Structure formats: structure tokens, C-alpha cells
Number of protein chains: 2
Amino acid sequence: MKLEEAIQSNKFRNDVHKASLNILYTAWWLKTVLSRELKEYGLTHEQYNVMRILKGKHPEQMCVRDIASRMIEKNSNVPRIIDRLVTKKLVKSATSEVDRRETVISLTPSGLSLLDNSTSSINQAMDAQVSIGQQEAQVLNQLLEKVRAKE
Amino acid sequence: MKLEEAIQSNKFRNDVHKASLNILYTAWWLKTVLSRELKEYGLTHEQYNVMRILKGKHPEQMCVRDIASRMIEKNSNVPRIIDRLVTKKLVKSATSEVDRRETVISLTPSGLSLLDNSTSSINQAMDAQVSIGQQEAQVLNQLLEKVRAKE
DNA sequence: GCTTATTACGTGTATATACACGTATTTGTT
DNA sequence: AACAAATACGTGTATATACACGTAATAAGC
């Protein structure tokens, strides 16, 4: 669906304004596509994101702050997301022995297994639904980096 | 900041995967930029969005459902966002006389005034921070539409 | 070594998304 | 007209973001 139909408006100040709304709408669309798959596994998008980050260091542990700094949405409240993963026994939490301020987190075997299965679903969904080619994706990446160039 | 730095990872399956994360991260970045401006006016991004939609029909009223269908994030709980705007006397709410199931909403004078001021800020912030040209924005728009082509 | 600053978390509040469900009202069918 | 179906809201719950603040532990300065 075109943006104009999706938000029932074609009143944009200019193409940059339209592109900004398009980015926001596409992100919402993408989250919806991915969340639909994750729901089968009882995971939210954010819980999945935390687990993916943990897998990057697996089988090593990571402290909460390291996880937070890798999140896509930087204001995520990582301690609370971890709480829910601990309840489901998908990750394990312990006080660091090196620095007792730190809480170190690691994937449990069942967390790792759930992550692998859900990642397959996510990847399939992405390949099936995100309908651009690799070369177009490269151009898109360059443009998005440029959008944020002034940060 | 490049995506790799922002999320401290360069493990992408391919460019389409990277582009998906890039869209999500850029949307978060953009919301942050805009919310910083809106905070001066005591508005959230979503409250602003509702007011912008209302302005499209001003001085006519709109029913809740019409507003909801124009939201960027389609699962927004519009009645509750409106509650907060009513509390701040930025919009007025009344039961429709034509169809008593409908609640019709309209901007108050102070709502309209706040909207105009905040829109100036938003537009300035967007022009200052979103650093692509109009022609690049056109290409970006085409690519984003293509990403969602299978919806 | 003692004091101060910093760091890493955890928690509380306001607002939001996502979704299910109940209720009042209107529309459609017969 | 009476009943069934659909519609438009409002509300409740779980989880999330955004942000402020408190506390325990460590680091830094003297």
C-alpha cells in the first residue's frame, strides 16, 4: 500500500517530509510483520532483540549495560525485558563476581533453542515480505545513513 | 552514526537484513529528534499526530475511527490519546448527533495555536537534522514503497 | 584510608502499543 | 416491528518506551 493510502493524506511539505513519514510507517509495518512471527514463540520484538544480542557473545555472559548499548531503541528498559525472559527461563541472571554492581545475563539452553527456531521464522518472513533486492537494499542503506548523518 | 556503530554489530545476513534494521533504527532516531522538539510544547509524538490529523479537516469535526485510520501506527489507542488532549483542553469531544455511537472530536482554539507553533519547531528540526536532498528523498520514498510492496 | 564522584542497576510514573472484550447504537433481514 | 449482525467506542491487561530517581558498589582524588 502506498503511503498516501496508508495514512489517507497526500499533504506533504516536500519529499523529505514525506520520506520521514514513510520511514516511520515502514518501521511500523516491519515491526508488525516480525511480531506476527514472534507471537508463535511467545516473544515480543524487544525480547527477541535482547536474545539476539546475547547470542552474539554466547556462551559468554553479558552485563545489562552492554546489552542496552546494542539495542535498536536506545531507551529500552533492558532490566525489565530481562525480567520477563528470566521468568520464562530463557535467560539466566547473576551478580557479577568481578564487579558486584553488574548483573550478568546469559542464554539458557532452552533460550538458545527457542532463539534458533524463531530466527528461522523471522528470516523466512523477512525474505518473503520485504520485497527489495540486495542492490536496492544497498542504496537504501546509504540513503538511511545519510538521513542520520547529522546525529 | 553508522548503523554498525549504533548497534555495535556488523553481523547481517545480507543487505536486505541490514536495511530492515536500518529502517527500524532510523525510525527510532527520527522519533527521538521530533519528540525532543515536541517536549517543549508538552506533547508526545502521538498526541501531535492526532492533532495534525484533526487540522486536516479543521474546523470540521472528525470521529475517532476516522482519526485512527489515518494514524501512522495503526494500533494506536486513539480514545486514550484523545483523553489526554481533552484534559489539556487542546481538543473538544462530543457525541455525534447524527450517529450516537460516534464521538466527534475537534481542535480548540488553543489546540490549533499550540499545533501551529509546534509544527514550526518540528519543521525546522526536520530541515536541520534530516540531511538528505529532495531528489534523494524521492529515491528513498520509492525504495520504501517497494519494501512494503507485498503488504 | 577517607571522601567524593561515578557507574550499574532497579524501580516508579506517565504514556504508548497491541489486543481482547463489553456495551450502546445503528443497520439489515425477515 | 422484532431480531440478528455489524459498527463505534471505551476499558482492561500485558508489555513497551521515556525518563527520573534511589541505592549499592566501585573508582578517583586527596
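Quantities reported herein were computed from a predicted structural model and do not represent experimental measurements. Throughout, a chain's letter reflects where its sequence line sits, starting with A, and its residues are numbered from 1.
Backbone-only contact: B/Asp99 has heavy atoms under 4.0 Å from sugar-phosphate atoms and none from a base. Contacts of B/Lys39 with the nucleic acid, taken as non-hydrogen atoms under 4.0 Å apart, involve only primed sugar atoms and P, OP1 or OP2. At the heavy-atom level, B/Arg80 lies under 4.0 Å from base atoms of the strands shown.
A salt bridge is defined here as a Lys NZ or Arg NE, NH1 or NH2 lying under 4.0 Å from an Asp or Glu carboxylate O, and B/Glu97 with B/Arg100 fails to meet this definition. Looking at B/Glu4 and B/Lys18, a side-chain N of the basic residue comes within less than 4.0 Å of a carboxylate O on the acidic one, giving a salt bridge. A salt bridge links B/Lys31 to B/Glu73: one of the charged nitrogens lies within less than 4.0 Å of a carboxylate oxygen.
For A/Lys74, the NZ atom sits in a packed shell: over 12 heavy atoms of surrounding residues, nucleotides or ligands are nearer than 6.0 Å. By the neighbour-count criterion of 12 heavy atoms within 6.0 Å, atom NZ of B/Lys57 is sparsely surrounded, having that number or fewer from other residues, nucleotides or ligands.
Whole-Å rounding puts the B/Leu30 CG to D/dA18 P distance at 12 Å. Across the protein-nucleic acid pair, A/Asp83 atom CG and C/dT11 atom P stand 7 Å apart, rounded to whole Å. C/dA18 atom P lies 18 Å from atom OH of A/Tyr48, rounded to whole Å. Atom C1' of nucleotide D/dT15 and atom CG of A/Asn49 are separated by 15 Å, given to the nearest angstrom. Atom CD in B/Glu37 sits roughly 16 Å away from atom P in D/dA18 (whole-Å rounding). Here D/dT11 presents its C1' atom at 15 Å from CD1 of B/Ile81, a figure rounded to the nearest Å. In this structure, CD of B/Glu46 is placed 11 Å from C1' of D/dA18, rounded to the nearest angstrom. The distance between atom CG of B/Leu34 and atom P of D/dA18, rounded to the nearest whole Å, is 12 Å.
A close approach under 4.0 Å does not occur between any side-chain nitrogen or oxygen of A/Thr103 and OP1 or OP2 of C/dC9. Phosphate proximity of C/dA18 to A/Trp28: present, with a side-chain N or O under 4.0 Å from OP1 or OP2. Regarding contacts with the backbone of D/dC19, a side-chain N or O of A/Asn75 is found under 4.0 angstrom from either OP1 or OP2. Contact annotation: B/Arg65 side-chain N/O to D/dA8 OP1/OP2 distance is under 4.0 Å. Side-chain N/O atoms of B/Arg84 include one lying less than 4.0 angstrom from OP1 or OP2 on C/dA16. One finds no side-chain N or O of A/Thr44 lying less than 4.0 angstrom from the OP1 or OP2 phosphate oxygen of D/dT15.
Each of C/dA18, C/dC9, D/dT15 was ranked by its minimum atom distance to the side chain of A/Cys63; first place goes to C/dC9. When distances run from any side-chain atom of A/Glu73 to the nucleotides D/dT17, D/dC9, C/dT15, the shortest one goes to D/dT17.
Side-chain N/O atoms of B/Arg101 and base N/O atoms of D/dT7 include a donor-acceptor pair closer than 3.5 Å.
The residue among B/Lys88 and A/Lys31 whose nearest nucleotide of DNA chain C lies closer to the 5′ end is B/Lys88. Between A/Val98 and A/His45, the residue anchored closer to the 5' end of DNA chain D is A/His45, taking for each the nucleotide with the nearest heavy atom.
If you run side-chain contact (heavy atoms from CB on, under 4.5 Å) between B/Ile132 and each of A/Arg148, A/Lys146, A/Glu145, only A/Lys146 comes through.
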